[in-house]
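Working notes, structure below.
Read the numbers this way: they start at 1 and go in the same order the structure lists the ligands and their atoms. No hydrogens, no waters, no symmetry mates; every other heavy atom, side chains included, goes into these values.
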Amino acid sequence: MCEKRKQAVPGVGDRTARWMLVGEGPGAEEDQRGEPFVGQAGRLLDNMLAAVGLTREEGVYIANAVKCRPPHNRTPEAGEIAACLPFLERQIALVQPRLLIALGRPAALALLNTEVSIGAARGKRFDRKGIPVVVTYHPAYLLRNPQDKGKAWEDLCLARRLVPPA
Ligand code: URA
């Protein structure tokens, strides 16, 4: 995917954060600006973080399962997620978050190495090499399905109970 994108979008945020959020991959705006979640879904994500007292500058690090924009914003394939995984693993090793939050299915696949349905996986505590993982809806999904925003809020409250962000 590196052949078609403008730039790689590794991540943004607090390098000492207790929470690391993992999305799917950069979209058009992220590819232009080099920062994850700067489009409409990103604004919703910022609002959700603000509701638990976090900003993308403090307390949280935001990364994606893949670092290059998939052509036409398609969902990254399992092989592409696997190819990018060493970068995500290095980010986790450097930031040493106490909690991982998977935003959507591709992020859950990257972090848990399993295909999950978000409806079934959300609201539970998973584990990645000793780090608790919470799976929730992707903010772009929530923009299309605002009726599920309440569940995403419950998932953030679960995350906060497991590991207070600050
Ligand atoms: N959606 C994602 O999953 N990641 C981004 O960086 C932007 C939108």
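Counting heavy-atom neighbours within 6.0 Å of R74 CZ, excluding the residue itself, gives a total above 12. Heavy atoms from other residues, nucleotides or ligands lying under 6.0 Å from CZ of R128 number more than 12.
Looking at R43 and N47, their side chains never bring a donor and an acceptor atom within 3.5 Å of each other. If you check the side chains of Q91 and K67, you find a donor sitting under 3.5 Å from an acceptor.
Atoms of ligand 1 found under 4.0 Å from any heavy atom of G23 (numbered from 1 in listed order, with element): 3 (O). Heavy-atom proximity to E24, at under 4.0 Å, picks out these atoms of ligand 1: 2 (C), 3 (O).
Counting protein heavy atoms only, atom 1 (N) of ligand 1 is closest to H138 NE2, 3.2 Å. In this structure, atom 4 (N) of ligand 1 lies nearest to the protein heavy atom N64 OD1, 2.8 Å.
In E30, the part holding a heavy atom less than 4.0 Å from any atom of ligand 1 is the side chain. Residue-level proximity to ligand 1 for P36 is carried by backbone and side chain together, each with a heavy atom below 4.0 angstrom.
The shortest separation from a heavy atom of E29 to ligand 1 is not under 4.0 Å, leaving the residue out of contact. Contact between G25 and ligand 1 is present, with at least one heavy atom of the residue lying under 4.0 Å from the ligand.
Counting only distance, with no hydrogens or angles, the side chain of D14 and the backbone of G59 share a donor-acceptor pair below 3.5 Å. Of the possible polar contacts, none joining the R105 side chain to the I118 backbone as a donor-acceptor pair under 3.5 Å is found.
A salt bridge between E89 and K129 is present, with a side-chain N of the basic residue lying under 4.0 Å from a carboxylate O of the acidic one.
Every N/O-N/O distance between A41 and ligand 1 stays at or above 3.5 Å.
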